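One structure below.
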Amino acid sequence: MHLPGNYTTFFTIPETPLRIYHYQRVDSTNIRAEALARVGEPAWTVVWSDEQTAGRGRFQREWISPAGLGLWFSLILRPHLPLGKWNLINLFSALTVAEVLDEKFRLVGSGKTVRVKWPNDVYVGERKICGILLQSGRDAGGENFLIVGIGINVNQGQEHFPGELQDRATSLFRETGMYWELIPLLKEILEQFYREYGLEEERQFANLVARFEQKMVFRGEEVKIKLPDKVIEGKIVKLTEDGFLILQTDRGEQLITAGDVGILKEKGV
Ligand code: BTN
């Protein structure tokens with residue numbers, strides 16, 4: 001049995017299989033969760049850390065994760081879904097976080113709405129509040145697993161973001177003017193994730209794409225998409241049933257399976 005190392009606390013969430021290892025500081029919760037999953041740690045184990053010293057974003061970008069100001073955690077899943085459909089969990093994760101945050105904005109009557117950006121970012125207006133990094137792997141017993149790494153900006157003020165992000169990133173605090181306790185928020189997100197995931201898995205995520213499209217920014221708009229080797233421009237037509245993007249370009253419709261979407265205007269995201 002592999003032990004998860006020098007964690008500070010451990011707790012569970014009643015009536016769910018969720019088990020949370022809480023650390024003060026790690027390199028990246030995704031790295032820790034992946035190491036656990038590789039040696040057989042079951043689904044619904046969570047690695048949560050106050051601080052990450054090497055937080056990672058999509059496309060190898062850095063994810064700034066200062067102590068106690070946000071929620072930085074990674075969840076192990078072992079999905080009962082064909083591998084070709086695992087991309088849907090990107091959409092599902094973003095939608096779940098967006099729904100929980102929407103509830104917070106309703107609570108304080110801010111009138112703000114949370115939107116999702118394909119495939120897995122969560123936005124308030126034109127600013128990003130949450131990023132998600134999925135990593136798949138195979139454990140020692142040959143079983144596939146998925147790590148869902150979620151970073152939510154919670155109590156940062158503008159000054160906590162580096163200059164280039166001050167206009168593009170936001171936090172719950174910036175949007176509501178209130179500080180939020182991390183543990184209740186973490187529990188709420190994990191509980192909702194667990195509940196909704198069970199329902200979605202039963203119907204093989206059949207309704208998810210339509211739900212995502214309703215909350216999606218830039219539908220029908222001209223965008224630019226950064227791919228690893230180039231940037232392409234076009235209009236977002238819709239998503240496929242597996243949650244990939246169809247873009248209308250000069251050269252016809254193109255299927256986009258991964259990329260970074262930004263609006264085609266001076267002040268992009
Ligand atoms: C992105 O928007 O590029 C994805 C950011 C994902 C950040 C989270 S924070 C918890 C987990 N650990 C990491 O190193 N990354 C993810």
Side-chain angles (χ1 to χ4, degrees), residues 1-58 60-78 89-90 93-94 96-97 100-101 104 120-122 128-140 145-157 160-162 165 169 171-173 179-194 197:
M1 165 83 178
H2 180 85
L3 293 172
N6 56 338
Y7 58 91
T8 313
T9 52
F10 170 76
F11 56 97
T12 56
I13 298 188
E15 292 168 42
T16 76
L18 285 155
R19 306 147 34 82
I20 296 122
Y21 291 102
H22 171 219
Y23 296 78
Q24 278 174 330
R25 180 192 280 176
V26 296
D27 42 7
S28 154
T29 56
N30 265 36
I31 295 176
R32 297 298 174 105
E34 188 184 353
L36 287 175
R38 282 205 185 284
V39 292
E41 185 71 23
W44 302 108
T45 291
V46 176
V47 174
W48 165 42
S49 184
D50 294 340
E51 181 181 4
Q52 297 185 112
T53 54
R56 299 193 299 204
R58 294 171 67 223
Q60 309 299 328
R61 285 186 294 233
E62 177 191 14
W63 183 262
I64 299 167
S65 324
L69 292 178
L71 276 175
W72 329 119
F73 63 98
S74 302
L75 167 69
I76 300 175
L77 290 180
R78 295 182 178 274
I89 299 173
N90 268 314
S93 306
T96 303
V97 172
V100 173
L101 296 185
K104 304 295 152 219
N120 59 13
D121 287 333
V122 182
K128 178 160 158 173
I129 195 164
C130 163
I132 298 175
L133 179 65
L134 258 60
Q135 283 175 257
S136 56
R138 183 175 288 212
D139 70 17
F145 62 81
L146 187 66
I147 306 298
V148 182
I150 302 184
I152 305 174
N153 297 324
V154 182
N155 288 324
Q156 291 102 322
H160 292 112
F161 294 107
L165 286 186
S171 67
L172 259 180
F173 170 74
Y179 290 108
W180 293 82
E181 280 187 55
L182 296 182
I183 294 182
L185 185 61
L186 175 67
K187 285 186 172 163
E188 204 177 324
I189 289 168
L190 289 173
E191 275 169 345
Q192 178 130 335
F193 198 110
Y194 174 70
Y197 185 90

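Fair warning: this is a prediction, and the values are worked out from it, not measured in the lab.
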Check [X] against [Y] and note the closest heavy-atom contact, atom names and distance.
{"X": "Leu18", "Y": "Leu190", "answer": "CD1-O, 3.6 Å"}
{"X": "Gln156", "Y": "Phe173", "answer": "O-CD2, 3.5 Å"}
{"X": "Ile152", "Y": "Ile150", "answer": "CG1-CG2, 3.8 Å"}
{"X": "Ile132", "Y": "Asn120", "answer": "O-ND2, 3.0 Å"}
{"X": "Val122", "Y": "Ala94", "answer": "CG2-O, 3.6 Å"}
{"X": "Asn30", "Y": "Arg56", "answer": "CB-NH2, 4.4 Å"}

| Among Asn153, Leu71, Leu185, which residue meets the side chain to side chain contact (heavy atoms under 4.5 Å, CB included) test with Leu172? | Leu185
| field | Residue among Val148, Leu182, Ile20, Leu186 satisfying side chain to side chain contact (heavy atoms under 4.5 Å, CB included) with Phe73 | value | Leu186
| remark: Separation between OG1 (Thr96) and CD (Glu191), nearest 0.5 Å, reads 13.0 Å
| field | Atom pair CG (Leu133) and CG (Asn90), whose distance is rounded to the nearest 0.5 Å | value | 9.0 Å
| query | Do the ring planes of Tyr21 and Tyr7 sit parallel (below 30°), tilted (30 to 60°) or perpendicular (above 60°)? | reply | perpendicular
| task | Give the ring-plane orientation class for Tyr194 versus Trp44, where under 30° counts as parallel, over 60° as perpendicular and anything between as tilted. | result | perpendicular
Check whether more than 12 heavy atoms from other residues, nucleotides or ligands sit under 6.0 Å from atom [atom1] of [X], and answer yes or no.
{"X": "Lys128", "atom1": "NZ", "result": "yes"}
{"X": "Gln24", "atom1": "CD", "result": "no"}
{"X": "Arg138", "atom1": "CZ", "result": "no"}
{"X": "Tyr179", "atom1": "OH", "result": "no"}
{"X": "Arg25", "atom1": "CZ", "result": "no"}

| Distance-only side-chain donor-acceptor flag, Arg19 / Thr12, under 3.5 Å | no
| query | Would Trp180 and Asn155 count as a side-chain contact (heavy atoms from CB on, under 4.5 Å) if you check the C-alpha gap in whole Å, the side-chain angles of each, and the deciding distance to 0.1 Å? | reply | CA-CA 7 Å; Trp180 293 82; Asn155 288 324; 4.1 Å; yes
| query | Are the side chains of Tyr23 and Asn6 in touch, meaning some heavy atoms are under 4.5 Å apart? | reply | yes
| request: Check whether any side-chain heavy atom of Asp139 lies under 4.5 Å from a side-chain heavy atom of Val39, and answer yes or no. | output: no
| said: Under a 3.5 Å distance rule, please check whether Glu41 uses its side chain to pair with a backbone N or O of Ala33 as donor and acceptor. | reply: no
| message | Test your reading of the model: is there a side-chain donor-acceptor pair from Trp72 to the backbone of Asp50, 3.5 Å cut-off? | response | yes
| said: If you apply the rule side-chain contact (heavy atoms from CB on, under 4.5 Å), what do you find for Tyr197 with Leu77, and how did you get there? | reply: CA-CA 10 Å; Tyr197 185 90; Leu77 290 180; 3.8 Å; yes
